[in-house]
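These notes are about the structure you will find just below.
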Amino acid sequence: MFRISQFMQEVAHPTPLGTKRNPPGPVVIWNLIRRCNLTCKHCYSISADKDFPGELSTADVFTVMDDLKRFRVPVLILSGGEPLLRPDIFEIAHRAKKMDFYVGLSSNGTLIDESNIDRIAAVGFDYVGVSLDGIQETHDKFRRMEGAYDASMHGIRLCKSRGIKVGIRFTLTQDNAHDLPGLLQLMEDEELDKFYLSHLNYAGRGNKNRKNDVFHQATRSAMDLLFDTCWRYQQEGKQKEFVTGNNDADGVYLLFWVRQHFPQLEEHVRAKLVQWGGNSSGVNVANIDNLGNVHPDTMWWNYNLGNVLERPFSEIWTDTSDPIMAGLKAHPREVGGRCGQCAHFDICGGNTRVRAWQVSGDPWAEDPACYLEDEEIGIAVEAATES
Ligand code: SF4
């Protein structure tokens, strides 16, 4: 997760570097239920509107929460499927708040209505993130449900009316990139608090034709727009959060933005970005799925580290006898290909390992979804110097 607004704040008001403070435990994204009332095109949990067997009981969830608390996990993001379809969601959320977790709810928003908004408000969620894939038609198409956009917007407005911090979660794809300006305008018009752009877990085509890759270009344009929008809010003194996920090259790309607009701050911002350190799957981000399986993050659903019904999360998470876990926890990580040669590896950390694994079979190969050009990461320059 890359917090653009935090770095824009740093550009506006630079602060001393200080020592890096590691979070006490990982942020846990918890897919409590796989059932969902929608069947979205890009859903990583491949949900459906039916009950899935073997999901954790309320008592199981509470036992896991106790362990997470002892392990000093600071944040629980309650997700799904659609978490509001879980009959005990309010029981779980209230208990999590009482235990002093920062509690977020990730919802598709369509089930937030007059019948439950009082109960949602009563929990005191620290944040409600509603996923939108575009404006109206685009969203309904992605969600495969006519009226989904209106229902989600109704949910968002209800949250807003109750003073709940609410924002948009947007997964960028080739088919909805054109709606990004509209969504940012929506954020402005509806006075929403946060915009989260998730890069699709795009496999790409490796290192070939990087410059001509339409999706890489679309990604760069999207990031340019996010940076400029975030900087405008920063200058206007408006508190809005901009965050991205699933592509840690975003940190390097922000450095280029700083180089272009505030060259005098490049060195300072670079040091701050290195302190951030890029990808933290398996370190500061964890995922528990609906069956209790633990994954290094939400994109690793086909790789299990263990199950919380068999072993406490705290044991699973610290067990580096698993080779993936050992590799993810290594610092620096040992990554090959262009990531291994990249001049900005210390910022990005080699990006998303699961993508490398899916494309090449080697989890320590380069990330195929890096949208930066060879010259930008120092590869071509080095080659030219050597010849
Ligand atoms: S080459 Fe690899 S390490 Fe460098 S920015 Fe791209 S993804 Fe990150």
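Note that the structure is predicted; figures quoted are calculated from it, not measured.
Ring geometry for F195 versus F170: interplanar angle of 30 to 60°, hence tilted. Below 30°, between 30° and 60°, or above 60°: for F256 and Y253 the angle between ring planes is above 60°, a perpendicular geometry. Ring planes of F71 and F313: perpendicular class, angle over 60° (limits at 30 and 60°).
Put simply, L309 and L76 are part of the same group of oily side chains (I, L, V, M, F, W, Y) that touch within less than 4.5 Å, one to the next. Residues I316 and M325 are members of one and the same hydrophobic cluster, defined by side-chain heavy-atom contacts under 4.5 angstrom among Ile, Leu, Val, Met, Phe, Trp and Tyr.
The backbone N or O of G18 lies less than 3.5 Å from no partner atom in the side chain of R21, so there is not a single donor-acceptor pair. Counting only distance, with no hydrogens or angles, the side chain of H344 and the backbone of V252 share no donor-acceptor pair below 3.5 Å. Between the side chain of D367 and the backbone N or O of T352 there is at least one donor-acceptor pair closer than 3.5 Å. Under a 3.5 Å cut-off, the side chain of D179 and the backbone N or O of I135 do form a donor-acceptor pair. Listed for the R353 side chain is a donor-acceptor partner under 3.5 Å among the backbone atoms of A365. Although no hydrogens or angles enter the test, the distance criterion places no donor-acceptor pair under 3.5 Å between the side chain of N304 and the main chain of N293.
Under a cutoff of 6.0 Å and an axis angle of 45°, K20 and W276 do not form a cation-pi pair. Annotation: cation-pi geometry satisfied between R34 and F52 (NZ/CZ under 6.0 angstrom from ring centroid, within 45° of ring axis). For the pair K240 and Y233, the cation-pi criterion (under 6.0 Å, within 45° of the ring axis) is fulfilled. At least one cation-pi condition fails for K272 and F7: the charged atom is not both under 6.0 angstrom from the six-membered ring centre and inside a 45 degree cone around its axis.
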#### Entry: Criterion ring-ring contact (aromatic ring centres under 6.0 Å, His included) on W364 and W357, from CA distance to verdict
CA-CA 7 Å; W364 313 111; W357 186 45; over 10 Å; no
### Query
Could you go step by step and tell me if M153 and L186 meet the side-chain contact (heavy atoms from CB on, under 4.5 Å) rule?
CA-CA 10 Å; M153 281 312 300; L186 183 78; 3.7 Å; yes
### Task
Begin with the C-alpha distance, continue with both residues' side-chain angles, and end with the deciding distance and a verdict on side-chain contact (heavy atoms from CB on, under 4.5 Å) for S198 and L172.
CA-CA 6 Å; S198 172; L172 178 75; over 6 Å; no
#### Entry: Verdict with reasoning, R311 to D67, per salt bridge (Lys or Arg N to Asp or Glu O under 4.0 Å)
CA-CA 10 Å; R311 280 169 89 195; D67 177 54; over 6 Å; no
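Note: N37 CG to R143 CZ = 9.5 Å, rounded to the nearest 0.5 Å.
D322 and Y303 form a side-chain donor-acceptor contact under 3.5 Å, judged by distance and modelled atom types alone. Side chains of T229 and R232: no donor on one and acceptor on the other come within 3.5 Å. Of the N and O atoms on the side chains of T63 and D60, not one donor lies less than 3.5 Å from an acceptor on the other residue. Side-chain contact of N287 with T298: a donor-acceptor pair under 3.5 Å is absent, judged by distance alone. No hydrogens or angles considered: nothing links the side chains of N31 and N290 as a donor-acceptor pair under 3.5 Å. Remark: the T173 side chain and the D175 side chain contain no N/O donor-acceptor pair separated by less than 3.5 Å. Side-chain atoms of H261 and E266 include no donor-acceptor pair closer than 3.5 Å. Checking D113 against H154 by side-chain atom types alone, no donor-acceptor pair falls below 3.5 Å. For the residue pair N279/N351, the side-chain donor-acceptor check at 3.5 Å is not satisfied. Side chains of Q136 and D140: a donor-acceptor N/O pair is absent below 3.5 angstrom, by distance only. Side-chain contact, S5 with Q234: no donor N or O sits under 3.5 Å from an acceptor N or O. For the residue pair N176/T138, the side-chain donor-acceptor check at 3.5 Å is not satisfied. H216 and E373 are not linked by any side-chain donor-acceptor pair at a separation below 3.5 angstrom, with hydrogens and angles left out of the test. A side-chain donor from one of T244 and D250 sits under 3.5 Å from a side-chain acceptor of the other. Using a 3.5 Å distance cut-off with no hydrogens or angles, the side chains of T58 and E91 do not pair a donor with an acceptor.
Residue R95 is tested with D66, D88, D100 for a salt bridge (Lys or Arg N to Asp or Glu O under 4.0 Å); the sole match is D66.
For D224, there are no salt bridge (Lys or Arg N to Asp or Glu O under 4.0 Å) partners at least two apart in sequence or on another chain.
A salt bridge between K165 and D193 is absent, with no side-chain N of the basic residue lying under 4.0 Å from a carboxylate O of the acidic one.
F242 and Y196 have their aromatic ring centers separated by at least 6.0 angstrom.
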